[in-house]
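For reference, the structure discussed in these notes is given below.
Values below: all heavy atoms of this structure, side chains included; hydrogens, waters and symmetry mates excluded.
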Amino acid sequence: MEFSPLLTYALDWVNLLLRWAHVVVAIAWVGSSFYFVWLDNHLVPPTDPALRDKGVGGELWAVHGGGFYNPQKYMGAPRALPSHLHWFYWESYSTWLTGFALFTVLYLFNAGTFLIDKSVMDWSPVAAIHAALGFLVGFWLVYDVVCRTLGRGPRGDAIVGAVLLAVVVAASWLACQLFAGRAAFLLVGAMLATTMSANVFFWIIPGQRKVVAAIQAGQPVDPVHGQRGKQRSVHNTYFTLPVLFAMLSNHYGWAYSHPHNWLVLVLIMLSGALIRQFFVARHKTEVAGKPAPWHWAIAGVVLLLGVAVWLAPAPVSAPVASGAVTRAPTEAELFVQAQAIVAQRCVMCHNDQMANKGVALHTPDLLRKGAQQVYQQAVVLKAMPMNNATQITEAERKLLGDWFRAVSQSGAVGP
């Protein structure tokens, strides 16, 4: 889909402002989530009999910003509620709303460019949009049924965790078979993030409202609401690091363009969950005075290192010596070949009529001026051409890299 330069510029501003807002509110949500998980795991029974009589089950003394704080948590609910009660939910809702708006502007509005890679799945933008939305809704429905039916009993959490891991692996594989790699990674992250916010909207906040209503009516509080809210809150904290990786992954083409990209996604998300488990478990061992559970962190880091080694590019083998001396191509010869590649693979989107992102490459001078960007986007990140729409080959990417290194040595890069 082609847009006028003014509309493209306006959409860039919308993209920037939505992305900025999304990051800000996500920081607020993740920060408060991490804090309350930390707080729950650091509470100790109060020594003051008056606090115990009031129903306080745990407290913490902390110092921050020059002041002393004494947060207290009630077992069940207090006998009476204050007139001003703060609710933590707009952090979650704002994060999802800005994220979905950004996903709509960038991916759904440009589905033919961002969602579809015809070498993966050649289908219509309308079908791809419906499938993408189906991932968001479908995973939540499956997750919710799993939690409600299998999350009971002493082994309920372990069973739910194992089933959800299998579902996430299956969803990651399916997304990478249907969508462009970049979109697939983001979609899996959005799928988990939607479930996190849905937990708040459908279970945590409604449960808290029922507790408040019971207290105000002078009725006994059903502890199931707190148990359900705690279960979903714990799930959210384990989803956080996998979601953050999925959201950042669009900057790293070597990850989402790999032939087994679904496995790359699963392994890196799993490493994030393991590292998060270390921090959650460490909170508990710290209070108990026990050694930190480093095995979780080590497992996560080893898994990350394993993926890094697996994805590392193969070393360039030296040419086999022979009787004839092979002359290295000159920068001018490499430039001729690089210009031919750029003309075939890049210029249709980077020319005087349609200079996407302000980059035009249709003349020799402009190509030399944009050499750094070509190298970063096409060779290092492998993010361009978008979804490899023009089918650039690995050999062509290598030649562009050879030309950039040659032109860098000659000092001919830049304006």
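The existence of a salt bridge linking Asp144 and Arg232 is confirmed by a sub-4.0 Å separation between a basic side-chain nitrogen and an acidic carboxylate oxygen. Between Asp40 and Lys73 there is a salt bridge, with a side-chain nitrogen of the basic residue lying less than 4.0 Å from a carboxylate oxygen of the acidic one. Remark: Lys398 engages Asp402 in a salt bridge, criterion side-chain N to carboxylate O under 4.0 Å. Between Lys382 and Glu394 there is a salt bridge, since at least one side-chain N of the basic residue sits less than 4.0 Å from a carboxylate O of the acidic one.
By the neighbour-count criterion of 12 heavy atoms within 6.0 Å, atom OH of Tyr252 is sparsely surrounded, having that number or fewer from other residues, nucleotides or ligands. Within a 6.0 Å sphere centred on OH of Tyr93, heavy atoms belonging to other residues, nucleotides or ligands number more than 12. Atom NE2 of His295 is surrounded by more than 12 heavy atoms from other residues, nucleotides or ligands within 6.0 Å. In this structure, Trp140 places its CH2 atom where more than 12 heavy-atom neighbours from other residues, nucleotides or ligands lie under 6.0 Å away. For Arg405, the CZ atom is densely surrounded, since the number of other residues' heavy atoms within 6.0 Å is greater than 12. Within 6.0 Å of the NE2 atom in His84, the count of heavy atoms belonging to other residues, nucleotides or ligands does not exceed 12.
At distances below 3.5 Å, at least one donor-acceptor pair connects side-chain atoms of Glu396 with backbone N or O atoms of Thr393. Thr285 contributes a side-chain N or O that, together with a main-chain N or O of Arg282, makes up a donor-acceptor pair within less than 3.5 Å. A donor-acceptor contact shorter than 3.5 Å is absent between the side chain of His64 and the backbone of Tyr69. Judged by distance alone, with hydrogens and angles left aside, the side-chain atoms of Thr237 form no donor-acceptor pair with the main-chain N or O of Val234 at under 3.5 Å. Remark: the backbone N or O of Met247 is paired with a side-chain donor or acceptor of Asn250 at under 3.5 angstrom. For the pair Asn41 (side chain) and Lys284 (backbone), a donor-acceptor distance under 3.5 Å is absent. Side-chain N or O atoms of Asn15 include none that pairs as donor or acceptor with a backbone N or O of Leu106 at under 3.5 Å. Not a single donor-acceptor pair under 3.5 Å links the side chain of Asn70 to the backbone N or O of Ala62. In this structure, His22 contributes its side chain and Gly99 its backbone to a donor-acceptor pair below 3.5 Å. Not a single donor-acceptor pair under 3.5 Å links the side chain of Ser33 to the backbone N or O of Trp29.
Looking at heavy atoms from C-beta onward, Phe179 lies out of side-chain contact with Tyr107 at the 4.5 angstrom threshold. Using a 4.5 Å cut-off on side-chain heavy atoms (C-beta onward), Leu108 and Leu133 make contact. A 4.5 Å side-chain heavy-atom check between Val120 and Gln177 finds every atom pair outside the cut-off. At least one side-chain heavy atom of Trp123 sits less than 4.5 Å from a side-chain heavy atom of Ile116. Between Leu361 and Lys369 there is no side-chain heavy-atom pair separated by less than 4.5 Å. Counting only heavy atoms from C-beta outward, the side chains of Leu187 and Leu136 approach each other to under 4.5 Å. Residues Leu11 and Phe109 have side chains in contact (heavy-atom distance under 4.5 Å, counting atoms from C-beta outward). Proximity of Leu305 to Val301: side-chain heavy atoms (C-beta onward) are separated by under 4.5 Å at one or more points.
Smallest separation of non-hydrogen atoms from Val379 and Gly401: CG2-N, 3.8 Å. Closest of all the heavy-atom pairs between Val160 and Cys147 is CG1-SG, 4.2 Å. When all heavy atoms of Ala406 and Leu334 are compared, the pair lying nearest together is CB-CD1, 3.8 Å. When all heavy atoms of Pro71 and Leu39 are compared, the pair lying nearest together is CG-CD1, 3.8 Å. Minimum interatomic distance between Ala378 and Leu400 (heavy atoms only, all atoms of both residues): CB-CD1, 4.3 Å. Taking all atoms of both residues into account, the shortest heavy-atom contact from Pro46 to Val56 is CG-O, 3.5 Å.
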Apply ring-ring contact (aromatic ring centres under 6.0 Å, His included) to the pair Trp254 and His258, showing each step before the final yes or no. CA-CA 6 Å; Trp254 46 262; His258 192 273; 9.7 Å; no
List the steps and the verdict of side chain to side chain contact (heavy atoms under 4.5 Å, CB included) for Leu263 and Trp310. CA-CA 11 Å; Leu263 185 56; Trp310 173 38; 3.9 Å; yes
Report the C-alpha distance between Val342 and Arg345 in whole Å, list the side-chain angles of each, state the deciding distance to 0.1 Å, and finish with yes or no for side chain to side chain contact (heavy atoms under 4.5 Å, CB included). CA-CA 5 Å; Val342 170; Arg345 310 297 190 187; over 6 Å; no
When you look at Arg182 and Asp117, which way does the salt bridge (Lys or Arg N to Asp or Glu O under 4.0 Å) test go after all the steps? CA-CA 10 Å; Arg182 179 180 180 181; Asp117 180 348; over 6 Å; no
Side chain to side chain contact (heavy atoms under 4.5 Å, CB included) evaluation trace for Ile215 with Val221: CA-CA 7 Å; Ile215 295 174; Val221 174; 3.7 Å; yes
Using the rule given for ring-ring contact (aromatic ring centres under 6.0 Å, His included), can you reason through Tyr143 versus His235, listing the C-alpha separation, both sets of side-chain angles and the distance that settles it, and then say yes or no? CA-CA 11 Å; Tyr143 164 86; His235 292 172; 5.7 Å; yes
Applying side chain to side chain contact (heavy atoms under 4.5 Å, CB included), run through Leu102 and Val14 and close with a yes or a no. CA-CA 8 Å; Leu102 185 61; Val14 172; over 6 Å; no
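Note: Arg368 CZ to Phe404 CZ = 12.5 Å, rounded to the nearest 0.5 Å. In this structure, Ser197 OG and Phe202 CZ are separated by 9.5 Å, a value rounded to the nearest 0.5 Å. Met269 CE to Ser249 OG: the interatomic distance, rounded to the nearest 0.5 Å, is 9.5 Å. If you take NZ on Lys54 and CG on Leu51, they are separated by 5.5 Å, rounding to the nearest 0.5 Å. In this structure, SG in Cys346 is found 12.0 Å from CD in Gln373, a value given to the nearest 0.5 Å. Here Asn236 contributes atom CG and Asn199 contributes atom CG; the two are 4.5 Å apart, rounded to the nearest 0.5 Å.
Phe185 and Tyr256 have perpendicular rings, their planes meeting at more than 60° on a 0 to 90° scale where under 30° would count as parallel. The aromatic rings of Phe88 and Phe36 sit perpendicular to each other, their planes meeting at more than 60°, with 30° as the lower class boundary.
Between His225 and Trp203, the distance from one ring center to the other does not fall under 6.0 angstrom. Centroid-to-centroid, the aromatic rings of Phe201 and Trp96 stay 6.0 Å apart or farther. Ring centroid separation for the pair Phe135 and Phe139 does not come in under the 6.0 Å cut-off.
Arg19 is linked by a salt bridge (charged side-chain N to carboxylate O under 4.0 Å, His left out) to nothing, counting only residues two or more places apart in sequence or in another chain.
Note that Arg209 lies in the cation-pi zone of Trp87, set by a 6.0 Å cut-off to the ring centre and a 45° limit from the axis. Remark: Arg276 is positioned above the aromatic ring of Phe34, its terminal NZ or CZ atom under 6.0 angstrom from the ring centre and at most 45 degrees off the axis.
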